[in-house]
There are 2 protein chains.
Amino acid sequence: MRLNLDKIDLRILECLQAEGRISNQDLAARIALSPSACLRRVKLLEDAGVISGYQCVLDPVKLGLEVEAVVHVSMRHEVPNWHETFVSALQDWPEVVSARIVTGGANYMLVVRTRDVSHYSDFIVNRLYRAPGVRDIQSNIVLGSIKQQTSVLDVLSVKNGS
Amino acid sequence: MRLNLDKIDLRILECLQAEGRISNQDLAARIALSPSACLRRVKLLEDAGVISGYQCVLDPVKLGLEVEAVVHVSMRHEVPNWHETFVSALQDWPEVVSARIVTGGANYMLVVRTRDVSHYSDFIVNRLYRAPGVRDIQSNIVLGSIKQQTSVLDVLSVKNGS
DNA sequence: GCTGAAAGTCGGCACCT
DNA sequence: AGGTGCCGACTTTCAGC
């Protein structure tokens, strides 16, 4: 179910990416449309699932979560149900912000958030390494952020005639 | 500037993470507070930078961005200004969703989003590998997503007496 | 598919507890 | 700190174009 998005839709999405709580009236004014027409388009985008939700963006450091790390995990494939077991373990660990299955040497790539280094160490040593089926871990602490694209829309305009 | 967040603040943040466009009235009702007291707390959280903004969540696949990849990049450190040059190159590539400086073998970890595999290949071969100072690339395509934590708050409740 | 008007609802503020 | 009440602004629906 991929919809045909015109330029007005893309401008709506751009605005809502930058200002998720903008009023429908302001949004309509910014894209030069009447409030009701604008609202109808937004609802269509929501119903189509293009917009899957809205959320506030939180500052992890201000919340006391100062350590971010990227962890690649390799599994011992002789352990039965290694995948299912690990997936369900991940759900119980709030430190794991995101988990992906990846190609290459490792099976999984995790992004982990902790309060400090000792919290991170505790997570790696006492929980991740002790999880059933885990063979090896490659742990990379994030020293700094260079780029964090707020919108995923920019790439659409490259070599794209829509 | 780290503020003391009480349980009411955390419940406000939880609600706004899940429903970024909830009305202040509904939010106040959900956390059992009057609308004005609730709004005052939200404004304080915004002013303190705990809430850094609001945005809609888009579905990359519905937008035609089907390929996600994790790329580790190592640099040739003998090239002058290798860091500054690479950082500014990254800003011009919309395919790069996020870029981090990491410890370990590689210098950078990138998350890349492209329309399809040929678009990804074009990015890696024609742009990333040709960037000045790039020595080696470890490219891992994402096969699936196991976990994507919408809220960063869960980890606060672990071993945390606030 | 967009516009415009009408009715219900909300956000923001002053003021009080 | 939290609650109440008010007014201007907003959202949302339903006509008509």
Side-chain angles (χ1 to χ4, degrees), chain A residues 1-59 62-64 150-151 153 156-157 160-162, chain B residues 1-59 62-64 150-151 153 156-157 160-162:
Chain A
M1 183 183 183
R2 177 121 36 98
L3 282 171
N4 278 1
L5 305 177
D6 62 15
K7 295 198 172 181
I8 297 179
D9 289 319
L10 290 179
R11 283 166 61 200
I12 288 176
L13 295 178
E14 263 174 60
C15 283
L16 288 176
Q17 283 268 300
E19 290 184 60
R21 272 183 88 91
I22 190 175
S23 77
N24 182 60
Q25 208 165 260
D26 288 352
L27 178 60
R30 206 165 298 185
I31 62 176
L33 219 62
S34 75
S36 58
C38 179
L39 185 64
R40 188 151 19 97
R41 279 172 178 270
V42 172
K43 294 295 178 197
L44 283 174
L45 290 167
E46 290 171 1
D47 293 343
V50 177
I51 298 174
S52 60
Y54 300 88
Q55 58 183 222
C56 63
V57 182
L58 301 182
D59 183 334
K62 292 243 165 79
L63 289 168
T150 54
S151 170
L153 292 169
L156 289 178
S157 56
N160 200 359
S162 68
Chain B
M1 184 182 184
R2 176 122 37 95
L3 282 171
N4 279 0
L5 305 177
D6 61 15
K7 295 199 170 177
I8 296 180
D9 289 317
L10 290 179
R11 282 165 63 199
I12 288 176
L13 295 178
E14 264 173 59
C15 283
L16 288 176
Q17 283 269 303
E19 290 183 61
R21 271 184 90 92
I22 189 173
S23 76
N24 181 61
Q25 213 166 258
D26 288 352
L27 178 61
R30 206 165 298 185
I31 63 176
L33 217 63
S34 76
S36 62
C38 179
L39 186 64
R40 193 150 11 106
R41 278 173 178 267
V42 171
K43 294 296 178 199
L44 283 173
L45 289 167
E46 289 171 1
D47 292 343
V50 177
I51 298 173
S52 61
Y54 299 88
Q55 58 183 220
C56 65
V57 182
L58 301 182
D59 183 335
K62 292 242 165 80
L63 290 168
T150 54
S151 169
L153 292 169
L156 289 178
S157 56
N160 200 0
S162 68

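So that the names make sense, note that chain A is the first sequence line, chain B the second, and so on, each numbered from 1.
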Under 3.5 Å between N/O atoms: give me all the protein pairs with nucleotides 14-17 of chain D, atom names plus distance.
none

Outermost contacting nts on DNA chain C, any atom under 4.0 Å from chain A heavy atoms, listed 5' then 3', are C/dG1 to C/dG4

Taken to the nearest 0.5 Å, the spacing of B/Ile22 CD1 from B/Leu27 CG works out to 5.0 Å

In this structure, CG of B/Asn24 is separated from CZ of B/Arg40 (nearest 0.5 Å) by 11.0 Å

Here the gap from B/Leu13 atom CG to B/Ile8 atom CD1, rounded to the nearest 0.5 Å, amounts to 12.0 Å

Check the pair B/Leu5 / B/Leu45 against side chain to side chain contact (heavy atoms under 4.5 Å, CB included), numbers first and verdict last.
CA-CA 9 Å; B/Leu5 305 177; B/Leu45 289 167; 3.6 Å; yes

side-chain contact (heavy atoms from CB on, under 4.5 Å) filter on A/Ser52, not counting sequence neighbours, yields B/Val57

Separation between SG (B/Cys15) and CD (A/Gln55), nearest 0.5 Å, reads 13.5 Å

To the nearest angstrom, the CG-P distance between B/Leu33 and D/dG2 comes to 6 Å

Contacts of B/Pro35 and A/Pro35 projected onto DNA chain C by closest heavy atom; the upstream (5') one is A/Pro35

Polar side-chain atom of A/Gln17 near backbone of B/Cys56 as donor-acceptor pair, under 3.5 Å: yes

From NZ of A/Lys43 across to C1' of D/dT12 the rounded distance in Å is 9 Å

- Message: Does any part of the side chain of A/Asp9, heavy atoms only, come nearer than 4.5 Å to the side chain of A/Val50, both counted from C-beta?
- Response: no

Students should find that the end-to-end axis angle of the helix from C/dG1-D/dC17 to C/dT17-D/dA1, with five pairs defining each axis and rounding to 10 degrees, is 30°

Tightest non-hydrogen contact, residues B/Cys38 and B/Ile31, listed as SG-CD1, 3.8 Å

One should read off an interatomic distance between B/Ile12 CD1 and B/Ile51 CD1, to the nearest 0.5 angstrom, of 8.0 Å

Separation between CG (A/Leu153) and CG (B/Leu63), nearest 0.5 Å, reads 6.0 Å

Per the under-4.0 Å heavy-atom filter, residues of residues 21-32 of chain A near DNA chain C come out as none

Q) Tell me, do A/Arg41 and A/Asp6 make a side-chain contact under 4.5 Å, heavy atoms counted? A) yes

Here the distance between atom C1' of D/dA1 and atom CD1 of B/Ile8, to the nearest Å, is 10 Å

The complete set of salt bridge (Lys or Arg N to Asp or Glu O under 4.0 Å) pairs with one or both residues in residues 13-26 of chain B, sequence neighbours excluded, reads B/Glu19-B/Arg30

